[in-house]
Amino acid sequence: MTDGQRSPTSDGQIVVSGLTKQYKNVRAVNNLSFTVAPGRVTGFLGPNGAGKTTTLRMLLNLVTPTAGTATISGQRYVDLADPLRHVGAVLEASSAHKGRTGINHLRVICAAAGLPKQRADEALALVGLTPAATRKFKGYSLGMKQRLGIAAAMLGDPRVLILDEPANGLDPEGIRWMRGFLKNLAQEGRTVLVSSHLLSEMQLLADDVVIIAAGQLVRQGPVEQVLGSMAQSARVRVRTPQVEALTAALTAQSATVDIDEQGVLLVGGVDAPTIGRSALAAGVELHELTTERPDLERVFLELTAGKAGIR
Ligand SMILES: Nc1ncnc2c1ncn2[C@@H]1O[C@H](COP(=O)(O)OP(=O)(O)OP(=O)(O)O)[C@@H](O)[C@H]1O
């Protein structure tokens with residue numbers, strides 16, 4: 001696209017440093033620091049009320065921090081020379097004049113922002129909305145509204161894209177589209193920061209995650225690393241017709257054994273080979289022995305346990 005127009009110093013990195021927001025009775029964000037790299041999709045995760053939206057709004061200069069800084073390519077949003085060409089944001093499901101067509105909605109924004117009119121057509125094509133260009137906004141489905149919001153954010157061909165819960169209300173096809181679209185933007189070298197509480201979706205979408213709870217950083221890093229750091233809590237699924245005998249053999253080795261409603265043993269604290277050896281020694285027949293990688297959902301719940309989101 002129009003990469004040549006970007007300032008050579010516009011590295012696209014987001015740096016949040018000691019960011020704090022105190023509302024009257026609520027410390028929505030508390031001394032939060034993290035970085036977001038260009039060329040990757042970063043998932044910004046946290047339970048309801050964790051402070052995700054407040055953080056994104058501070059990043060975009062819509063809320064004034066009580067303390068700390070948030071910069072994009074080394075500058076506060078308010079100091080960026082040409083913010084719309086640098087940062088695109090979708091903070092909530094797009095709203096537009098109900099009687100206005102999709103294309104006209106984008107053209108109005110282009111005119112106000114001094115962007116060439118043809119960017120409206122290009123952005124609409126980018127999100128696959130060209131066939132609905134001349135339909136009125138009031139007839140758009142939620143998924144189409146989300147796409148229109150993204151098209152608006154893409155008008156300035158921004159280096160950095162910030163989205164708050166973009167998958168909200170999308171059907172599986174819409175979610176698949178969004179995933180491909182955002183991954184593609186990151187592959188082009190852009191910075192993509194996406195907040196969500198849909199952890200399973202983040203596991204498919206994000207390269208990196210920043211997890212917060214109660215306004216504070218819980219963990220940040222590549223998804224694989226965050227999952228890997230929880231590897232010690234991996235569990236092993238075991239099926240056996242001799243549940244009692246195996247349970248006794250394993251608990252004797254300080255393993256933890258839970259039994260699910262199907263009678264499958266979920267064993268923690270020992271690895272699969274140890275379980276196999278214990279079973280052999282106890283003369284127990286095994287029908288399944290599978291190490292379960294902890295998924296992001298479980299990691300997230302463990303990491304944020306006890307840090308109630310609603311404050
Ligand atoms: N303008 C405001 N005035 C007072 N309190 C606020 C304001 N905005 C947010 N809060 C509070 O700050 C905390 C963090 O809210 P925020 O919306 O940032 O969380 P979130 O992680 O985006 O949550 P969700 O996933 O539910 O959208 C909540 O306790 C919220 O009630």
Side-chain angles (χ1 to χ4, degrees), residues 14-36 41-72 76-78 87-95 142-143 145-146 149-150 153 160-171 174-175 178-179 182 191-206 208-221 223 226 295-311:
I14 296 173
V15 179
V16 168
S17 180
L19 203 59
T20 299
K21 181 66 191 179
Q22 178 76 42
Y23 287 114
K24 221 179 205 170
N25 301 315
V26 179
R27 183 157 284 220
V29 176
N30 189 2
N31 196 22
L32 182 62
S33 301
F34 63 86
T35 57
V36 180
V41 176
T42 300
F44 189 33
L45 294 166
N48 287 130
K52 303 180 295 292
T53 301
T54 305
T55 301
L56 298 185
R57 291 178 75 82
M58 285 195 276
L59 198 48
L60 295 165
N61 198 41
L62 297 169
V63 164
T64 310
T66 308
T69 55
T71 60
I72 300 169
R76 291 183 310 161
Y77 183 87
V78 67
V87 184
V90 187
L91 286 196
E92 49 207 63
S94 164
S95 64
L142 183 56
K145 287 176 182 167
Q146 294 276 35
I150 293 176
V160 176
L161 209 69
I162 296 171
L163 305 103
D164 198 6
E165 305 270 1
N168 256 3
L170 291 188
D171 60 14
I175 289 176
M178 178 79 67
R179 192 187 305 145
L182 297 180
T191 310
V192 182
L193 177 61
V194 192
S195 87
S196 182
H197 59 268
L198 296 177
L199 306 170
S200 47
E201 172 55 22
M202 277 299 144
Q203 201 163 0
L204 294 174
L205 171 66
D208 297 326
V209 285
V210 172
I211 302 177
I212 67 168
Q216 291 181 295
L217 185 72
V218 172
R219 194 68 68 93
Q220 80 163 311
V223 172
V226 171
D295 65 9
L296 203 49
E297 186 87 34
R298 250 184 71 208
V299 170
F300 181 79
L301 289 174
E302 283 175 30
L303 291 175
T304 60
K307 295 177 185 153
I310 311 294
R311 287 169 290 149

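Throughout, residue positions are numbered sequentially from 1 according to the sequence presented. Start at 1 and go down the list; that is how both ligands and their atoms are numbered.
Checking only distances, T55 never comes within under 3.5 Å of ligand 1, N or O to N or O. For ligand 1, one of its N or O atoms has an N or O atom of G49 under 3.5 Å away. Residue A50 places at least one N or O, backbone or side chain, under 3.5 Å from an N or O of ligand 1.
In T53, the parts holding a heavy atom less than 4.0 Å from any atom of ligand 1 are both the side chain and the backbone.
With ligand atoms numbered from 1 in the order given, ligand 1 contributes 12 (O), 29 (O) to contacts under 4.0 Å with heavy atoms of V26. Each of the following atoms of ligand 1 lies closer than 4.0 Å to a heavy atom of T54: 9 (C), 15 (O), 16 (P), 18 (O). Every atom of ligand 1 with a heavy atom of A28 under 4.0 Å away is listed here by number and element: 12 (O), 13 (C), 14 (C).
Using a distance-only test at 3.5 Å, with no hydrogens or angles considered, a donor-acceptor pair links the side chain of T66 to the main chain of Q22. Side-chain atoms of S195 come within 3.5 Å of backbone atoms of E165 as a donor-acceptor pair (strictly under, hydrogens ignored).
In this structure the side chain of N31 never reaches within 4.5 angstrom of the side chain of Q216, judged on heavy atoms. The shortest distance between side-chain heavy atoms of Q220 and V209 does not fall below 4.5 Å. Side chains of F44 and I212 form a contact here, defined as non-hydrogen atoms less than 4.5 Å apart.
Within the 4.0 Å heavy-atom cutoff, G51 counts among the residues contacting ligand 1.
Counted by atom type alone, T53 and D164 present one or more donor-acceptor pairs between their side chains at under 3.5 Å.
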